[in-house]
Amino acid sequence: MIKKRLEECLDQCFSRGVERGLWSETARESYAVEVPKHEGQGDYATNMAMVIAGQEKKATGKKVNPRQVAKQLVELLADHGELFAEIAVAGPGFINFFMKPAVWQAVLPVVCAANESFGLAAEKNNKRVLVEFVSANPTGPLSIGHGRQAVLGDTVSRLLEAAGYEVEREYYYNDAGRQMRVLGESTRARYLELLDLPAEFPEDGYQGEYIYDIARELIAEKGDSLRDVVEVTPFKEQAERAIFKDINATLERLGIHFDRYYNEHSLYEEGHIDDVVAGLRAKGLVYEKDKAVWFKTTEFGQNQDRVIIKSSGEPTYRLPDIAYHREKFKRGYDWMVDIFGADHIATVPDVLAGIRALGYDDSRVTVILHQFVTLMRDGKQVKMSTRKANFITVDELLDEVGPDVMRFFFLMRKADSQLEFDLNLATEQSRDNPVFYVQYGHARLASIIRKADEQGLRAGKISDADLGLLVEPEEENILKAIAAYPALVQQAAHDLEPHRIVFYLQELAGLFHSYYNKHRFISEDRELTMARLWLGQGLRIVLGNGLRLLGMTAPDKM
RNA sequence: GCGCCCGUAGCUCAGCUGGAUAGAGCAACGGACUUCUAAUCCGUAGGCCGCAGGUUCGAAUCCUGCCGGGCGUACCA
């Protein structure tokens, strides 16, 4: 919030320089304001002078001294004395800004007044965004990889909501294809097996224990009445119902809810599949070869064309995916975010090409591809396979670590990175676990505030407290960190990067724990106590808001 | 072979649209509980940012090539 004010200042300054003919308009927007890494370089720094000097050199061919430009800028800034304690030109031409302590202290009343809405966008931006994630076909329980995706998708959604978007969460699935047929056959085989009837288990069938559970339910409901049924449908449907129920129960445990489940089937029923093919055909982008229908993806920069309808007459996955995305466009979203596992990378260019071919703007689609999760136990990698069912499910993991730990662990890495999930660390609930570090900070603060309430402190309003007493370096650092929170949320939302919130919370908790061990909140000094209690309140609010933003709990006691 | 992602401290990873002297946690070592929760804190040590070039005032960050790991490269999804 302070940074924004500084940026506005600098923008004005820039304009005034243009008016006076000191430099030209071209350098606007391309300079940066950032927090320097090292102490002594101020609270903020800008490379503005160097950027201007570079631009001027390019435009006029004459050498311009960045430090000279910096000095001119500083002169133009002179009348903002209420913000700055000191402004210095340093190094090759950086301008370092040292803010007055009162600037930082002033964030506290804002935080306390906003409370749980601190960090949320002040107003809705009237933009609708669709987030598609999980989208696992109902062939078995959610695996760890799905878990990462579920948590990532839900948290991205929460971030976007915090940034003022209207968000819809959607789950796309297919209960028609080959996979589901094999699932039905697997169920039938188990059903017959349990009835002591001859059964042939499909070669590539689903071997998980859960298939037996489904078969048992079927026997409980229908006895052996299905023993001679040739159709696989009743088995498939039973399995689908049971598995979806299971998946939803798992998602529920993680606090994840979808606004819509979109069945691929409806794309066929409503004619969208045929329609897409016709649309592509009309543009001359499909052709027949070897009895299959091909989409000219080479026209969109790919190295080979792709089959969209097999010689058997069945579409490949690409076609419904394209049709589905076209339906999303028709629904009129401003932004569509897809979250896929890295194994789906091949579909992305095809879908985007299809969308562009049909005349839509594919830049409104952002695909987050997350890398795989490697599960580590006792320092060794656990190999997993869905079909053979030797994988750890999200449910099993939740039994061991609970939703808070799981969410945090899945968000600790950026999506691009492979994520190493250390089962020992996550399940031990040891003190090394960073989840507790942050939550403990919140609980500790809540405890202090309880204590203060018991002693009848904290009666007054924040406007009665003398926040000017918060002058310790640790206090100033905490205030700065708090002030940075709203911009961080907006940036993390914009970049779809929840891991930044995770890192921020660890850092903020660290600042607090460190401060706690050095200074006392409650002391003989009544005025100082009041000021520090408000600081504690501000900290508690931000830690709590951050945790909840990640879908976690912020405990008052631990 | 081709495409995408990754390569940063012993391990797991941050590093915002290029910025000043590269960071955190864990592990290692040494300290701190008559004090608001020790699930905490303080200190020490640890680095040719995979390698080689290039772009420029300035590169972990951008470009090219190579090396190593992952995922794709289906008329599977």
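Below, chains carry the letters A, B, ... as their sequence lines are ordered, and counting in each starts from 1.
Here the straight-line distance linking atom CG of A:L539 with atom CZ of A:R444 works out to 12.5 Å at 0.5 Å rounding. With rounding to the nearest 0.5 angstrom, the NZ atom of A:K236 is 10.5 Å from the CD atom of A:E185. A distance of 9.5 Å separates CD in A:E240 from CD1 in A:I247, rounded to the nearest 0.5 Å.
For B:G23, neither phosphate oxygen OP1 nor OP2 lies less than 4.0 angstrom from any side-chain nitrogen or oxygen of A:K37. Residue A:R444 places at least one side-chain N or O closer than 4.0 Å to OP1 or OP2 of B:A38. Applying the 4.0 Å criterion to OP1 and OP2 of B:A38, one finds that A:H513 has every side-chain N and O outside that range. OP1 and OP2 of B:A38 both lie 4.0 Å or more from every side-chain N or O belonging to A:Y437. Of the side-chain N and O atoms in A:Y504, none sit less than 4.0 angstrom from OP1 or OP2 of B:C16.
In this structure, A:D350 reaches neither bases nor backbone, as no heavy-atom distance under 4.0 Å exists between it and the strands shown. Within the 4.0 angstrom heavy-atom criterion, only backbone atoms of the sugar-phosphate kind lie near A:E420; the bases stay farther away.
As rounded to the nearest Å, B:G69 and B:U8 have P atoms that lie 14 Å from one another.
Glycosidic conformation of B:C41 is anti; the angle lies outside 90° of 0.
Under 3.5 Å, the side chain of A:N47 and the base of B:A20 form no donor-acceptor pair of N or O atoms.
Once the 5.5 Å centre distance and the 30° plane angle are applied, the aromatic ring of A:F503 is found not to be stacked with the base of B:A24.
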* When every nucleotide of nucleotides 68-77 of chain B is labelled 5' to 3' by its protein contacts under 4.0 Å (heavy atoms), B for base, S for sugar-phosphate only, - for none, what sequence of letters results? -> --SSSSSBSB

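Which of B:G19, B:C13, B:C36 sits closest to the side chain of A:M50 comes down to B:G19. Out of B:G19, B:G23, B:C13, the shortest distance to the side chain of A:H38 is found at B:G23.
In this structure, A:F521 has its ring center under 6.0 Å from that of A:Y515.
In this structure, a donor-acceptor pair under 3.5 Å is present between the side chains of A:D338 and A:H325.
Between A:E475 and A:K518 there is no salt bridge, since no side-chain N of the basic residue sits under 4.0 Å from a carboxylate O of the acidic one.
The pairing partner recorded for B:U40 is B:A32, the criterion being a Watson-Crick or G-U wobble arrangement whose two distances lie under 3.5 angstrom.
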